[in-house]
Protein chains: 2
Amino acid sequence: MPDNLSLTFSALADPTRRAMLARLSEGEASVSELAEPFLKSMSLPAVTKHLKVLEKAGLITKSKDAQFRPCKLNAEAFRDVADWVEQYRIFWEESFDRLDEYLKTVAAEKNKKKGRPNGRKK
Amino acid sequence: MPDNLSLTFSALADPTRRAMLARLSEGEASVSELAEPFLKSMSLPAVTKHLKVLEKAGLITKSKDAQFRPCKLNAEAFRDVADWVEQYRIFWEESFDRLDEYLKTVAAEKNKKKGRPNGRKK
DNA sequence: CGGTTAATTAACCAATAAGTTAAATATAAG
DNA sequence: CTTATATTTAACTTATTGGTTAATTAACCG
């Protein structure tokens with residue numbers, strides 16, 4: 001049983017599902033509305049399965065309206081992803097001096113623990 | 001052949017791999033250094049495989065230093081994830097009025113296209 | 001050179017994922 | 001009640017994933 005974040009990332013690792021999320025970012029949609037762009041390339045049960053994956057990952061919620069099942073985005077899962085990636089911001093924002101500085105601070109704390117790896121030959 | 005973002009999310013969908021990335025956020029590490037916390041629970045070849053997944057996803061790069069293969073984070077893939085999730089920010093930042101407003105604008109644009117789904121019974 | 005350490009490759013296995021078609025369920029509507 | 005629409009479930013297939021052990025490659029060290 002994978003943890004939530006694993007479920008979420010796993011759900012996002014599919015372009016069909018990401019396209020469905022993109023569609024939902026423009027508002028609620030029923031299963032068949034969501035399915036419409038994909039029916040050339042996959043069956044309806046396949047769509048149902050994708051939606052189930054998104055639902056289990058907490059990325060969407062489904063409700064009932066007559067025979068329809070309107071879906072919408074669920075903020076929390078997106079926030080979880082955003083929070084996770086946030087901790088790496090320093091690595092992708094090109095401020096190499098700050099990064100370098102940062103890496104040195106962590107390294108310094110670390111060297112009290114075990115003096116092995118970072119002395120190299122050459 | 002999945003697209004890059006799919007590869008990346010897929011690589012992130014595993015707690016072992018995310019732990020490796022966390023370790024690398026504290027600085028470069030060789031394969032065996034990265035492996036160390038996991039050797040109780042998995043073999044070295046398993047670690048190699050995980051690293052290969054991270055590498056193919058562009059999340060890390062490997063270099064050579066004698067018989068060691070120091071690994072480090074690769075900013076771009078993280079930026080891709082951050083950029084992707086950014087487009088959903090409005091959904092997870094609790095400004096429901098703005099969200100509501102936003103959704104209405106998109107809906108308005110949309111209603112010129114097809115007048116079906118949003119009239120409801122009850 | 002011969003041994004040791006670091007890491008990878010090969011061959012295999014079990015579980016999961018992503019799709020299929022056919023059948024079933026739920027609700028609305030005539 | 002019957003039919004039509006929306007969606008899901010079941011059963012099955014194929015490919016991929018994540019792990020294993022055994023063998024191999026690469027580079028250093030005495």
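Chain letters run A, B, ... following the sequence lines, proteins first, then strands; residues in each count from 1.
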Chemist: With sequence neighbours left out, what residues match B:Glu86 under side chain to side chain donor-acceptor pair (under 3.5 Å)?
Modeler: B:Arg89

Chemist: Taking atom P of C:dA6 as reference, at what distance in whole Å does atom CG of B:Leu34 sit?
Modeler: 13 Å

Chemist: Could you report the tightest heavy-atom contact between B:Cys71 and B:Leu51, atom names first, then the distance?
Modeler: SG-CD1, 4.4 Å

Chemist: Please give me every residue in residues 5-14 of chain B whose heavy atoms get under 4.0 Å of an atom in DNA chain C, ordered by residue number.
Modeler: none

Chemist: Report yes if a side-chain nitrogen or oxygen of A:His50 is closer than 4.0 Å to either non-bridging phosphate oxygen (OP1 or OP2) of C:dA17; otherwise report no.
Modeler: no

Chemist: Using side-chain contact (heavy atoms from CB on, under 4.5 Å) as the criterion, list what pairs up with B:Pro15, not counting sequence neighbours.
Modeler: A:Asp3, A:Ser6, B:Arg18

Chemist: If the condition is side-chain contact (heavy atoms from CB on, under 4.5 Å), which residues does B:Glu36 pass it with, not counting sequence neighbours?
Modeler: none

Chemist: Under 4.0 Å between a side-chain N or O of B:Arg69 and OP1 or OP2 of D:dA27?
Modeler: no

Chemist: Just how far, in rounded Å, is P of C:dA7 from CD1 of B:Ile60?
Modeler: 12 Å

Chemist: Report for the helix from C:dC1-D:dG30 to C:dG30-D:dC1: angle between first-end and last-end helix axes, five pairs each, rounded to 10 degrees.
Modeler: 10°

Chemist: Could you check A:Lys64 against A:Thr16 and say which one's nearest nucleotide on DNA chain C is further toward the 5' end?
Modeler: A:Thr16

Chemist: Nearest whole Å is fine: how far is D:dG18 C1' from B:Lys52 NZ?
Modeler: 15 Å

Chemist: Whole angstroms only, please: what is the NZ-P distance between A:Lys40 and C:dT20?
Modeler: 15 Å

Chemist: What nucleic acid atoms does B:Ser30 come within less than 4.0 Å of, heavy atoms only: base, sugar-phosphate, or nothing?
Modeler: sugar-phosphate

Chemist: What residues, two or more places apart in sequence or in another chain, satisfy salt bridge (Lys or Arg N to Asp or Glu O under 4.0 Å) together with B:Arg79?
Modeler: A:Glu94

Chemist: Kindly state each residue pair satisfying salt bridge (Lys or Arg N to Asp or Glu O under 4.0 Å) with at least one member in residues 52-63 of chain B, sequence neighbours excluded.
Modeler: B:Glu55-B:Lys62

Chemist: For B:Arg69, what residues pass the side chain to side chain donor-acceptor pair (under 3.5 Å) criterion, not counting sequence neighbours?
Modeler: none

Chemist: Could I get the full list of side-chain contact (heavy atoms from CB on, under 4.5 Å) partners for B:Gln87, not counting sequence neighbours?
Modeler: B:Trp84

Chemist: Please report, rounded to the nearest Å, how far the P atom of D:dT5 is from the CD atom of A:Glu33.
Modeler: 16 Å

Chemist: Under a 4.0 Å heavy-atom cut-off, which of residues 42-49 of chain A touch DNA chain C?
Modeler: A:Met42, A:Ser43, A:Pro45, A:Ala46, A:Lys49

Chemist: Between A:Asn74 (side chain only) and A:Thr61 (backbone N and O only), is there a donor and an acceptor less than 3.5 Å apart?
Modeler: no

Chemist: Check side-chain contact (heavy atoms from CB on, under 4.5 Å) between B:Asp80 and all other residues, then give those that pass, not counting sequence neighbours.
Modeler: B:Leu5

Chemist: Is it true that a side-chain atom of A:Arg17 and a backbone atom of A:Ala11 form a donor plus acceptor pair closer than 3.5 Å?
Modeler: yes

Chemist: Between D:dA6 atom P and A:Leu39 atom CG, what is the distance in whole Å?
Modeler: 12 Å

Chemist: Which is true for A:Lys62 with a 4.0 Å heavy-atom rule: it touches a base, it touches only sugar-phosphate, or it touches nothing?
Modeler: sugar-phosphate

Chemist: Quick one: salt bridge (Lys or Arg N to Asp or Glu O under 4.0 Å) partners of B:Lys49, sequence neighbours excluded?
Modeler: none

Chemist: Let me know the distance between CZ of B:Phe68 and P of D:dA27, rounded to the nearest Å.
Modeler: 13 Å

Chemist: What is the separation between atom CD on A:Gln67 and atom P on D:dT8, rounded to the nearest whole Å?
Modeler: 12 Å

